[in-house]
Number of protein chains: 2
Amino acid sequence: MAIQITKETDYAIRCILYLIGMNGQVCTVGDISREQSIPYTFAAKIMQKLARAGLIESVRGVKGGFVLKRRPEEISLLDIVEAIEGPISMNICVLDRKSCDRQPRCPVHPWWVEISEVLRERLGEFTFDRILK
Amino acid sequence: MAIQITKETDYAIRCILYLIGMNGQVCTVGDISREQSIPYTFAAKIMQKLARAGLIESVRGVKGGFVLKRRPEEISLLDIVEAIEGPISMNICVLDRKSCDRQPRCPVHPWWVEISEVLRERLGEFTFDRILK
DNA sequence: CAAAACAGGATTAGATTAGTCCTAATTAGA
DNA sequence: TCTAATTAGGACTAATCTAATCCTGTTTTG
Ligand code: SF4
Ligand code: SF4
């Protein structure tokens with residue numbers, strides 16, 4: 001099961017989908033949680049992460065909530081995955097060479113670097129204008 | 001960290017690399033464990049999985065061990081990943097549609113199916129003759 | 001100033017990963 | 001035929017990560 005996005009990331013995508021559907025309107029965590037079947041407190045945390053990553057913007061206080069900060073064509077699956085899970089790579093040695101002392105003479109390492117890059121590129125191609133067309 | 005092969009899978013790849021290097025010779029778990037820095041009992045389990053998947057063959061009894069069952073060009077990273085982790089997909093709904101009741105009207109689902117397929121194809125292209133060239 | 005919202009740290013429950021342990025079953029060779 | 005070397009496989013455990021909750025604080029409208 002390891003090569004898979006987490007439930008949290010899937011929730012985050014649903015959050016973005018909801019905001020896109022609301023077309024610039026400020027939405028509360030309550031709305032999102034209810035409409036997208038995400039536990040309220042968990043959704044709140046996810047929205048915080050998405051805000052810190054600059055994908056959405058928060059509005060505090062009464063009548064507050066969240067709004068999309070970019071247009072759908074400026075948000076990709078990669079943006080969301082990395083906003084939630086951090087930089088992605090197919091094997092630990094890709095991001096942190098020192099994590100494995102075999103790396104200098106490992107014949108597989110360079111290929112994990114390549115596959116990781118291919119995956120990132122692919123995920124980056126899926127922007128929400130394409131996803132929703 | 002979620003989109004990443006497990007340590008067990010990385011170990012499995014090292015096991016195969018070792019067997020390829022030994023060129024048809026029967027190798028014991030002890031040899032492999034020592035040479036590839038894999039905990040002995042864990043390596044034993046991994047070899048069992050690789051044998052059940054048909055990538056290697058076990059020889060029981062004294063002077064027993066494991067031998068490669070296919071040529072390097074007939075073994076890909078995908079074969080090993082799936083031998084250890086089972087069928088891979090980028091999101092749970094790809095392999096099990098019923099896992100998510102939003103699937104029938106989810107605009108992202110079809111794209112996860114596509115990305116998963118791309119990843120499988122890519123991993124399938126990395127056979128050990130290429131990896132070791 | 002009260003109520004409706006977000007902010008963020010700490011904590012918890014459950015699942016998965018990583019690894020161990022123990023008891024068989026097999027087999028080459030003394 | 002017995003013994004030591006070796007794999008087979010189930011049960012168990014420790015550590016880590018995922019999924020989620022809780023609680024206290026801050027902001028802001030009306
Ligand atoms: S053995 Fe090679 S592929 Fe595996 S973690 Fe080390 S460097 Fe990376
Ligand atoms: S919401 Fe869509 S992408 Fe997410 S699990 Fe359900 S079907 Fe799959």
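Letters A, B, ... mirror the listed sequences (proteins, then strands); counts begin at 1.
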At 4.0 Å (heavy atoms only), tell me whether [X] reaches a base, stays on the sugar-phosphate, or touches nothing.
X      : answer
F66(A) : sugar-phosphate
T41(A) : base
G30(B) : nothing
Q48(B) : base

How long is the line joining [atom1] of [X] and [atom2] of [N], in whole Å?
X      : N       : atom1 : atom2 : result
E57(B) : dT6(D)  : CD    : P     : 18 Å
I46(A) : dT18(D) : CD1   : P     : 13 Å
F42(A) : dC17(D) : CZ    : P     : 16 Å
E85(A) : dA19(D) : CD    : C1'   : 13 Å
K49(A) : dC6(C)  : NZ    : C1'   : 17 Å

- Hey, does the side chain of E82(B) reach the backbone of I88(B) with a donor-acceptor pair shorter than 3.5 angstrom? yes
Under 4.0 angstrom between [X] side-chain N/O and [N] OP1 or OP2:
X      : N       : answer
T28(A) : dA4(C)  : no
R52(A) : dG8(C)  : yes
S58(B) : dT6(D)  : no
Y40(A) : dC6(C)  : yes
Y11(A) : dA20(D) : yes

- Taking the six-membered ring of W111(A) as reference, does the NZ or CZ atom of R122(B) fall below 6.0 Å from its centre and within a 45° cone about the axis? no
Any idea which of [options] is nearest the [X] side chain?
X      : options                  : value
K7(B)  : dA19(D), dG19(C), dT7(D) : dG19(C)
A2(A)  : dA18(C), dG8(C), dT17(C) : dT17(C)
K45(B) : dG10(D), dT7(D), dA20(D) : dG10(D)

- Item | Working for side-chain contact (heavy atoms from CB on, under 4.5 Å), residues I3(B) and V81(A) | CA-CA 9 Å; I3(B) 301 179; V81(A) 172; 3.9 Å; yes
- Separation between CD1 of I32(A) and OH of Y40(A), rounded to the nearest 0.5 Å: 9.5 Å
- Task: Mark yes when over 12 heavy atoms from residues, nucleotides or ligands other than R97(A) sit less than 6.0 Å from its CZ; otherwise mark no.
- Result: no
Which donor-acceptor pairs under 3.5 Å do the side chains of residues 41-59 of chain A make with protein atoms, sequence neighbours left out?
unit_1: Q48(A); atom_1: OE1; unit_2: R52(A); atom_2: NH2; d: 3.1
unit_1: K49(A); atom_1: NZ; unit_2: E8(A); atom_2: OE2; d: 3.1

- Task: Check the pair D10(A) / R14(A) against salt bridge (Lys or Arg N to Asp or Glu O under 4.0 Å), numbers first and verdict last.
- Result: CA-CA 6 Å; D10(A) 190 78; R14(A) 297 191 207 174; 3.1 Å; yes
- Message: Walk along nucleotides 24-30 of chain D from 5' to 3' and tag each nucleotide B, S or - by protein heavy-atom contact under 4.0 Å, base first, then sugar-phosphate.
- Response: -BBBBBS
